[in-house]
Amino acid sequence: MGIGAGRAANVKNCELCARKIAEVAESGKIVVEKSTVPVRTAQAVRRVLDCNDKGLKFQVLSNPEFLAEGTAITDLFNPDRVLIGGVQSPEGLAAAEKLASVYANWVPREQILTTNLWSSELSKLVANAFLAQRVSSINSISALCEATGADVSEITRAVGMDDRIGKRFLNSSIGFGGSCFQKDILNLVYLCETYGLKECAEYWNQVILMNNYQKKRFSEKMVHTMFNTVTGKKIAILGFAFKKDTGDVRETPSMFVVRDLVLEQAKIHVYDPQVKREDMWAEMDYTCNMSEKTHPGLESAVTTAPEVYSACEGAHAFAVLTEWDEFKDLDYERIFKSMAKPAFCFDGRNVLDHDKLRQIGFEVHAIGKPDPNKFSDL
């Protein structure tokens, strides 16, 4: 609600923290801003701190974290870089150096970067935007691959060997999720609009639009492939978390595929080794406004399975939506025998051996992969 709803970051808590620090501090402090915040948030924090009635002097630093969920401890001890932004005054530079000396206990000095406050705040938003942009870029190419008979994995390998581009974040999938990428890009879009940079805002918003398109494209392909109807059909969803090695379901792409299939009146059976049913429903309600109250019969339409084989038993199709390692080593011959025929496999993460699955008897459809039933000249 309010100005910038759904895009602008709510920095209320940053202000409240600053007010509490000003209230209880008995001496000057270095205040370190760790959260991902809009550029120039530190200015508001500093103004609040400077209004203390004790004559105390504060220095505000920006020190965004670049920890990835699932590898946070490793990232903390072996960071690509540590970024510290501060006011470019003698006092600000001294404060930045004091924080740098803490990190220097385990991080090489050449990996500790110091900038002005605004560059540091903006760098975290830009880093996440660039990563998400790469995902949307390769996903846009995956759609072209499916239309032309090209193989997105071969393109990724060819493109990634160029040192200027690199190999990371070029795996096509059903799209990105998690708590950071979409939030930070929308924040960047709002910032650009706020400063009158309309074309810049539209450019970054396209990353979100492409991500939404990829998720919708995947669920629509499932329906189209399964004879244009999934009504009453059991479909197994393998993986609900937004990525492997976590139970985090925030903005998970799986949720949107499940939503689309439920609206098509499919019977969904979800298996994920870490996601709890209550977390799944909470996110569905919060993000998709889907609950038993808004969609009567929803809970009976979606079953959470205790293990993979019961999820797949009697199913018309299964879809891999999270790249859990265990999905690579399943007994797919057993799964095939237990499924309705034709047995459809939809690989939304390109982690399965598609040739082997076809030999077993599955009809396989994967992101950015040519369909042998469509192309005779592969």
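Along the sequence shown, the residues carry numbers beginning at 1.
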One should read off an interatomic distance between Cys145 SG and Glu154 CD, to the nearest 0.5 angstrom, of 9.0 Å

Among pairs that include at least one residue of residues 116-158, which meet ring-ring contact (aromatic ring centres under 6.0 Å, His included), considering only residues two or more places apart or in two chains? Phe130-Trp204

Going by the side chain to side chain contact (heavy atoms under 4.5 Å, CB included) test, name the single residue among Leu238, Val302, Val275, Ile235 that passes it with Val270. Val302

Under a 4.0 Å N-O cut-off, is there an ion pair linking Glu23 with Lys20? yes

Strictly distance-based, threshold 3.5 Å: is any side-chain N or O of Asp260 a donor or acceptor partner for the main-chain N or O of Lys216? no

Are Asp325 and Lys328 ion-paired here, with the side-chain N under 4.0 Å from a carboxylate O? yes

For Phe176, does the six-membered ring have the charged nitrogen or CZ of Lys243 within the cation-pi criterion, i.e. under 6.0 angstrom from the centroid and within 45° of the normal? no

Decide, yes or no, whether a salt bridge links Arg109 with Glu97 under the criterion of side-chain N to carboxylate O below 4.0 Å. yes

Closer than 4.0 angstrom, basic N to acidic O: yes or no for Lys337 and Glu333? no

Looking at Gln265, is its backbone amide N or carbonyl O close enough to the side chain of Thr231 to form a donor-acceptor pair, meaning the two atoms are under 3.5 Å apart? no

Donor-acceptor pair between Arg217 and Ser142 side chains, under 3.5 angstrom: yes

Is there a donor-acceptor pair under 3.5 Å between the side chain of Ser119 and the backbone N or O of Thr115? no

Enumerate the ring-ring contact (aromatic ring centres under 6.0 Å, His included) contacts for residues 212-231, please, sequence neighbours excluded, ordered by first and then second residue. Phe227-Phe344

Please confirm whether the backbone N or O of Ala266 pairs with a side-chain atom of Glu264, one donor and one acceptor, at under 3.5 Å? no

Among all residues two or more places apart in sequence or in another chain, which pass the side chain to side chain contact (heavy atoms under 4.5 Å, CB included) test with Arg134? Ile165, Phe169, Leu170

Does Glu299 use its side chain to pair, donor to acceptor, with the backbone of Glu292 at less than 3.5 Å? no

Answer with yes or no after comparing the ring centroid distance for Phe318 and Phe362 against a 6.0 Å cut-off, counting only values under it. yes

Give a yes or no answer on whether the side chain of Lys29 reaches the backbone of Val60 with a donor-acceptor pair at less than 3.5 Å. no

Answer yes or no: does atom NZ of Lys34 have more than 12 heavy-atom neighbours from other residues, nucleotides or ligands under 6.0 Å? yes

Would you please classify the geometry between the Phe77 ring and the Trp106 ring as parallel, tilted or perpendicular, with 30° and 60° separating the classes? tilted

Between OH of Tyr195 and CG of Leu191, what distance do you get to the nearest 0.5 Å? 6.5 Å

For the pair Asn105 (side chain) and Val102 (backbone), establish whether a donor and an acceptor sit closer than 3.5 Å, ignoring hydrogens and angles. yes

Can you check whether Asn139's main-chain N or O pairs, donor with acceptor, with Ser172's side chain at less than 3.5 Å? no

Does either side chain, that of His354 or that of Asp347, offer a donor lying less than 3.5 Å from an acceptor on the other one? yes

Can any side-chain N or O of Glu146 pair as donor or acceptor with the backbone N or O of Gly368 at less than 3.5 Å? yes

Pair Arg46 + Glu33: basic N to acidic O under 4.0 Å: no

